[in-house]
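Below is one structure, written out as structure tokens, with a few remarks after it.
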Amino acid sequence: MNETDLLSAVEAKLVSMLQRDASLSVADLAEAANSSAATVWRRIRSLEERGVIGPPVRLVDPAKVGRGMDVYCQVRMKSQDAQARAAFQQAVDDEPAIMEVYSVTGEWDYMLHMVVRDIADFEDILMRRLLELDCVAGTSTIFALRRIKHTRQVPV
């Protein structure tokens, strides 16, 4: 099954529109999709039930709330056993500045994206949350100079 089989044309249009502006009314969505409001409402509920879309959220500009530094931190684990993975996951779940965590291939085990106030804020997270974990062997950090492109819209 390819990606186009996952969503109907109307659903793809609705998903694209909602990714740009989740505050659009069902009436606005229905007009743009050339469909009835009741049909659009049912399709949105179906997309939610299938896990295609989640609840609407408002995106925040990190710099406008004092978190203008993007940091990418690669993490190498000493062990990949279940207990080590659980401890690591709990530590990253408990730290609000860690926005995204990916399990990756290659030399490193995880890639973390953080939004922090400054280098001191990052150092505190690194020392207090990550390097104190017995399961963490080491880290490598990349500081972003500036955001050039940042989107949360998935192509559909």
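When reading the values below, keep in mind they use all heavy atoms of this one structure, side chains included, and skip hydrogens, waters and symmetry mates.
Atom CD of Q83 has 12 or fewer heavy atoms from other residues, nucleotides or ligands within 6.0 Å. The local environment of CG in D94 is crowded, with over 12 non-hydrogen atoms from other residues, nucleotides or ligands closer than 6.0 Å. Around CZ of R45, the count of heavy atoms belonging to other residues, nucleotides or ligands within 6.0 Å exceeds 12. Within 6.0 Å of CD on E48 lie more than 12 heavy atoms contributed by other residues, nucleotides or ligands.
For residues 81-104, every residue pair satisfying the ring-ring contact (aromatic ring centres under 6.0 Å, His included) rule, not counting sequence neighbours, is listed here: F88-Y110.
Of the possible polar contacts, one joining the R67 side chain to the V115 backbone as a donor-acceptor pair under 3.5 Å is found. Without hydrogens or angle criteria, S16 side chain to A12 main chain gives a donor-acceptor distance under 3.5 Å.
Q19 meets the side chain to side chain donor-acceptor pair (under 3.5 Å) test with no other residue; sequence neighbours excluded. When the side chain to side chain donor-acceptor pair (under 3.5 Å) test is applied to R146, no partner is found at least two apart in sequence or on another chain. Evaluation of the salt bridge (charged side-chain N to carboxylate O under 4.0 Å, His left out) rule for R85 yields no partner, not counting sequence neighbours. Among residues two or more places apart in sequence or in another chain, the salt bridge (charged side-chain N to carboxylate O under 4.0 Å, His left out) test is passed with E132 by none.
Neither W108 nor V71 shares a network with the other; the hydrophobic side chains, linked directly or stepwise wherever heavy atoms of I, L, V, M, F, W or Y lie under 4.5 Å apart, form separate groups for each. Both V116 and L131 are assigned to one and the same hydrophobic cluster, defined by single-linkage of ILVMFWY side chains at heavy-atom distances under 4.5 Å. M127 and I119 fall within the same hydrophobic cluster, defined by Ile, Leu, Val, Met, Phe, Trp and Tyr side-chain heavy atoms under 4.5 Å apart, directly or through other members. M111 and L126 are members of different hydrophobic clusters when ILVMFWY side chains are connected at heavy-atom separations under 4.5 Å.
Between M114 and I98, the closest heavy-atom pair is CG-CG1, 3.8 Å. Residues Y72 and A144 approach most closely at CE1-CB, 4.3 Å, considering heavy atoms. When all heavy atoms of G66 and R117 are compared, the closest pair comes out as O-CG, 3.2 Å. The shortest non-hydrogen separation linking S8 to R43 is OG-NH1, 2.9 Å. When all heavy atoms are compared, the tightest approach of D118 to M69 is C-SD, 3.9 Å. The two residues V136 and M77 come nearest to each other via the heavy atoms CG2-SD, 4.3 Å.
Separating the CG atom in L112 from the OG1 atom in T139 is a distance of 9.5 Å, to the nearest 0.5 Å. For the atom pair OG (S103) and CD (Q89), the distance works out to 10.5 Å, reported to the nearest 0.5 Å. To the nearest 0.5 Å, atom CE of residue M17 and atom CG of residue L24 are 5.0 Å apart. In this structure, CG in L130 is found 10.5 Å from CG in D124, a value given to the nearest 0.5 Å. Annotation: the span from K78 atom NZ to L133 atom CG amounts to 9.5 Å, rounded to 0.5 Å. A distance of 10.5 Å separates OG1 of T151 from CZ of R20, quoted to the nearest 0.5 Å.
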(message) One pair to check against side-chain contact (heavy atoms from CB on, under 4.5 Å): E95 and R128. What are the steps and the verdict?
(response) CA-CA 10 Å; E95 179 50 58; R128 181 178 46 83; 3.3 Å; yes
(message) Pair L7, L47 - check side-chain contact (heavy atoms from CB on, under 4.5 Å), show working.
(response) CA-CA 9 Å; L7 298 176; L47 289 164; 3.7 Å; yes
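Shown are V52, V15, L14, L6; of these, the side-chain contact (heavy atoms from CB on, under 4.5 Å) with V156 is made only by V15.
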What side-chain donor-acceptor pairs closer than 3.5 Å can you find for residues 27-37, not counting sequence neighbours?
residue : atom : partner : partner atom : Å
D28     : OD2  : S25     : OG           : 3.2
S36     : OG   : T39     : N            : 3.1
S36     : OG   : T39     : OG1          : 2.8

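Between F122 and F143, the ring planes lie perpendicular to each other; the angle is over 60°, past the 30° to 60° tilted range.
No side-chain heavy atom of M99 sits less than 4.5 Å from a side-chain heavy atom of P62.
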